[in-house]
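Before any comments, here is the structure.
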Amino acid sequence: MLRSHTCGQLRSSNIGQEVTLCGWVDTSRDHGGTIFLDLRDRYGKTQCVVNPDSGAEFLEVAKKLRGEDVALVKGLVHARLEGKDNQKLSTGDIEIRASEIRLLNRSKTPPFFPNQPELPGEDLRLKYRYIDLRREAMQRTLMLRSQIIKAMRDYFEQHDFVDVETPILGRSTPEGARDYLVPSRVHWGHFFALPQSPQLYKQILMVAGYDRYIQVARCFRDEDLRADRQPEFTQLDLEMSFVDSNDVISMIDGLMKKLAKDLLGLELELPLPRMTYDEAVRRFGSDAPDLRFGMEIVDCTEFARQSAFRVFSGAAEAGGYIRGIKVDRRAEEFSRKRIDELTEFVKHDFGAKGLAWFRVETDGSLWSPISKNVEPEIQLQFQQAFDARPGDLILLLADSWDVTCKGLNGLRRRLGAELKLYDSKQMHFSWVVEFPMFEKDEAEERWVAMHHPFTAPRPQDMQLLQTAPQTCRAQAYDLVINGYEAGGGTIRIHDSDTQQVVFDLLGITPDMAADRFGFLLDALRFGAPPHGGIALGIDRIVMLFGGLDNIRDCIAFPKTQRAMDLMTAAPGTVETKQLHELHVQVETPPVKN
RNA sequence: GGGGCCGUAGCUCAAUUGGUUAGAGCACUGGACUGUCGAUCCAGAGGUUGCGGGUUCGAGCCCCGUCGGCCUCGCCA
């Protein structure tokens with residue numbers, strides 16, 4: 001060990017000790033006869049003083065040190081001179097009077113410095129990730145991530161869970177996200193798929209009697225990226241036997257309480273609030289509502305349809321809805337230009353036909369460019385429906401159910417952030433439960449599983465599978481934190497007959513099922529216990545607990561939006577020989593013009 | 001696949017809206033300085049304005065294409 005202490009360790013209680021520190025040169029302040037070096041490692045910074053007492057030889061070494069050089073300093077811990085302490089540093093009461101200083105390794109001038117005030121461009125940060133990871137903010141986040149995973153493991157160990165690893169090389173399953181494929185060398189024309197989640201394996205583990213399973217599992221989905229989506233991400237995967245929805249939810253409630261307390265010092269009230277999917281969509285237009293603020297959706301279809309104003313009546317006649325949200329007391333902050341921007345936003349991003357709005361005047365009446373088109377009695381109903389007060393702004397969409405949901409959810413989230421309707425440190429945890437079993441595939445006339453094909457319907461909805469699948473609700477539950485889906489799970493189907501009924505509905509024939517999931521259907525016939533589970537998105541949880549706005553900052557080596565690793569330049573080409581071995585040919589790309 | 005924002009010195013940004021020699025701070029190089037902590041002071045070096053084409057007497061600025069980063073819709077059971 002070259003060092004005796006870390007750079008964040010020494011305090012006034014160490015005064016008088018001889019110590020050796022190693023680290024990166026954070027800054028150096030050269031006064032000619034005296035040089036101050038701040039040595040940095042992931043634990044902190046310590047000021048080291050080099051002067052003629054250290055020896056002329058070492059003064060020369062210190063003079064040549066530059067930022068990010070790696071150095072070793074040996075010396076006595078001294079109290080700072082009177083009034084020269086630095087309260088910004090945890091080690092600011094002391095300094096090291098160097099008796100020896102060594103350059104362990106020179107650094108080229110880096111493209112950016114970990115301590116520079118302005119954040120460099122993200123492409124540069126990703127290319128030189130080893131320098132970016134020296135930044136205090138990145139180190140804090142990665143340590144938070146480590147603590148969160150440790151707390152999760154501790155919690156589940158206390159509850160008798162077994163950590164089991166499942167294969168990374170598996171088989172492609174139909175439906176779901178696009179798979180990352182790995183060609184088999186041994187089996188011509190056959191491919192492994194990287195797991196989108198360990199779903200089937202953990203169900204098999206339940207059949208095998210490992211009644212409480214967890215895994216910190218890497219998952220892969222070859223879909224387009226977002227601020228909160230990476231092609232490879234990490235889940236805390238969990239499955240339990242002999243449980244219902246309530247048991248799984250309670251188990252995770254306990255985990256969230258522990259995480260909030262241990263890492264944020266927050267006391268959560270249990271049980272965490274729960275809301276059905278239908279209620280969430282009705283009140284907030286989203287299955288992952290941000291409940292840090294109100295601004296609930298008001299449905300005005302019943303009375304607005306009676307207006308002669310075609311925007312309203314036409315939408316209602318077409319089977320659509322007139323729904324809206326209200327900005328409390330801040331209409332004066334909404335210029336025509338700003339409202340035009342919001343209109344463009346809902347039209348462009350969510351396909352809305354337009355955005356209708358009313359401003360509430362001091363006498364309580366409504367004003368809008370469309371006021372003259374909307375009958376006074378209908379306007380009165382809007383006032384009552386929204387409990388309109390002077391200064392309020394009412395924003396309305398008249399469109400299909402889907403467009404009103406997406407558009408109002410989009411508006412609500414955007415306005416919540418722009419108007420700062422919540423404190424940035426605020427955290428809101430809740431559950432959304434009882435999702436539909438199926439949704440209609442847009443293009444084709446067929447049902448697709450909303451969660452996955454192994455999800456069990458609610459017992460009371462079992463007959464609906466045959467009669468009215470669209471109304472059938474699942475034993476499904478999503479954990480929602482600040483408007484993000486932080487996790488989701490279901491109780492699974494544990495008998496092969498029900499599983500086959502669901503497959504039928506999804507258009508998966510017995511032959512296909514046997515081919516793709518035969519092993520699961522077999523397993524279900526060999527004594528499968530009732531079981532269910534959940535998967536938590538660890539990257540997102542770290543992001544939310546760390547108060548960050550993207551998951552790249554929670555991952556040591558993330559990919560860009562175009563799914564590249566800028567540091568290693570992956571993906572890259574391979575030798576023709578490798579392709580031959582794998583029996584893979586690469587198509588010639590189309591010529592662009 | 002669609003839409004949007006961005007790309008100027010190593011880094012972060014500016015450039016009077018199309019005008020002739022593209023600037024600043026930090027970093028870098030050299031020098032001065034024994035108590036700084038974003039040290040200070042003096043001097044210096046540093047540019048294919050992402051790339052390619054076009055419009056123009058003239059382009060960092062306008063147009064087209066392209067590459068890269070980010071945001072977003074679709075997509076993500």
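Each chain gets a letter, A, B and so on, in the order the sequences are listed, and its residues count up from 1. Because the structure is predicted, anything quoted here is derived from the model rather than measured. We use all heavy atoms of the structure for the numbers below, so side chains are in, but hydrogens, waters and symmetry mates are not.
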Taking the P atom of each, how far is B/G19 from B/G1, in whole Å?
38 Å
Here the distance between atom C1' of B/U40 and atom CZ of A/F36, to the nearest Å, is 13 Å
Per the under-4.0 Å heavy-atom filter, residues of residues 76-88 of chain A near RNA chain B come out as A/R80, A/L81, A/K84, A/D85, A/N86, A/K88
Kindly indicate, with the supporting measurements, whether the criterion salt bridge (charged side-chain N to carboxylate O under 4.0 Å, His left out) is fulfilled by A/K559 and A/E232. CA-CA 9 Å; A/K559 310 254 182 307; A/E232 73 180 288; 3.2 Å; yes
Exercise. Using the P atoms only, state how far B/G35 lies from B/A22, rounded to an integer number of Å.
Key: 42 Å
Paired to B/A43 by Watson-Crick or G-U wobble criteria (both distances under 3.5 Å) is B/U29
Check: A/Q235/A/S197 side-chain N/O donor and acceptor closer than 3.5 Å: no
By nearest-heavy-atom nucleotide on RNA chain B, the more 5' of A/N550 and A/R66 is A/R66
Take A/F503 and A/F454 through the test side chain to side chain contact (heavy atoms under 4.5 Å, CB included) and record every step on the way to the result. CA-CA 9 Å; A/F503 281 164; A/F454 319 105; 3.9 Å; yes
Next on the checklist: Under 4.0 Å, heavy atoms only, any strand: does A/D30 hit a base, just the sugar-phosphate, or nothing?
Outcome noted: base
Rounded to whole Å, the CZ-C1' distance (A/F220 to B/C75) equals 20 Å
message: Is there a side-chain contact between A/R29 and the phosphate of B/A39, meaning an N or O under 4.0 Å from OP1 or OP2?
response: yes
Per atom distances to the A/M564 side chain, the nearest of B/C73, B/C70, B/G69 is B/G69
Solution key, residues 342-354 of chain A side-chain donor-acceptor pairs under 3.5 Å, sequence neighbours excluded:
unit_1 : atom_1 : unit_2 : atom_2 : d
A/T343 : OG1    : A/I339 : O      : 2.8
A/K353 : NZ     : A/D399 : OD1    : 2.6

(message) Under 4.0 Å between a side-chain nitrogen and a carboxylate oxygen: does that hold for A/R66 and A/E68?
(response) no
The salt bridge (charged side-chain N to carboxylate O under 4.0 Å, His left out) partners of A/E122 (sequence neighbours excluded) come to A/R552
Whole-Å distance, A/R414 CZ to B/C71 P, equals 16 Å
Sorted by position of nearest nucleotide on RNA chain B, 5' first, the leading residue of A/M450 and A/K559 is A/K559
Please work out if A/E95 contacts a base, only the sugar-phosphate, or nothing of the nucleic acid, heavy-atom cut-off 4.0 Å. base
Assigned chi class of B/U17 under the 90° convention is syn
Atom CD1 of A/I551 and atom C1' of B/C70 are separated, to the nearest Å, by 15 Å
Taking a pair to mean Watson-Crick or G-U wobble geometry with both distances below 3.5 Å, B/G23 pairs with B/C13
Any N/O donor-acceptor pair, A/R552 side-chain to B/G69 base, under 3.5 Å: no
For A/R42, the side chain to side chain contact (heavy atoms under 4.5 Å, CB included) test, sequence neighbours excluded, returns A/Q139, A/M143
Within residues 106-134 of chain A, those residues having any heavy atom closer than 4.0 Å to RNA chain B are A/T109, A/P111, A/F113, A/Q116, A/E118, A/L119, A/P120, A/G121, A/E122, A/D123, A/L124
Look at A/D53 together with A/R97 and state whether they make a salt bridge at an N to O cut-off of under 4.0 Å. no
Notebook entry, point to check: Distance only, no hydrogens: is a donor on one side chain within 3.5 Å (strictly under) of an acceptor on the other, for A/R492 and A/T490?
Noted result: yes
In numerical order, the residues of residues 341-349 of chain A whose heavy atoms come under 4.0 Å of RNA chain B are A/H348, A/D349
Separation of B/C70 atom P from A/D549 atom CG, nearest Å, is 13 Å
In Watson-Crick or G-U wobble terms, with both distances under 3.5 Å, the base opposite B/G35 is none
field: Whole-Å C1' distance, B/C70 and B/A32
entry: 45 Å
| said: Categorize A/T455 for me: base, sugar-phosphate, or nothing, with a 4.0 angstrom heavy-atom threshold over every strand shown. | reply: nothing
Checking N1-N3 plus N6-O4 or O6-N4 for Watson-Crick, or N1-O2 and O6-N3 for wobble, each under 3.5 Å, the partner of B/C5 is B/G69
When rounded to the nearest 0.5 Å, the distance separating SG of A/C405 from OH of A/Y321 is 9.5 Å
| Would you say the side-chain atoms of A/T141 and A/D553 include a donor-acceptor pair closer than 3.5 Å? | no
Whole-Å distance, A/D224 CG to B/C70 C1', equals 14 Å
Taking A/R473 first and then A/D461, would you say they form a salt bridge - that is, a charged N and a carboxylate O separated by under 4.0 Å?
no
Quiz item: Looking for any heavy atom pair under 4.0 Å, which part of the strands does A/L566 touch: base, sugar-phosphate only, or nothing?
Solution: sugar-phosphate
- What is the nucleic acid contact for A/T91, judged by heavy atoms within less than 4.0 Å: base, sugar-phosphate only, or nothing? nothing
Rounded to whole Å, CG of A/L37 lies from P of B/U34 at a distance of 17 Å
Practice prompt. Report yes if a side-chain nitrogen or oxygen of A/R178 is closer than 4.0 Å to either non-bridging phosphate oxygen (OP1 or OP2) of B/C75; otherwise report no.
Written response: no
With a 4.0 Å cut-off on N to O distance, would you call A/D340 and A/K337 a salt bridge?
no
Would you kindly check whether a donor in the side chain of A/R229 faces an acceptor in the base of B/C76, or vice versa, at under 3.5 angstrom? yes
query: Charged N to carboxylate O below 4.0 Å: is that the case for A/D224 and A/R229?
result: no
Rounded to whole Å, the CZ-P distance (A/R226 to B/G3) equals 15 Å
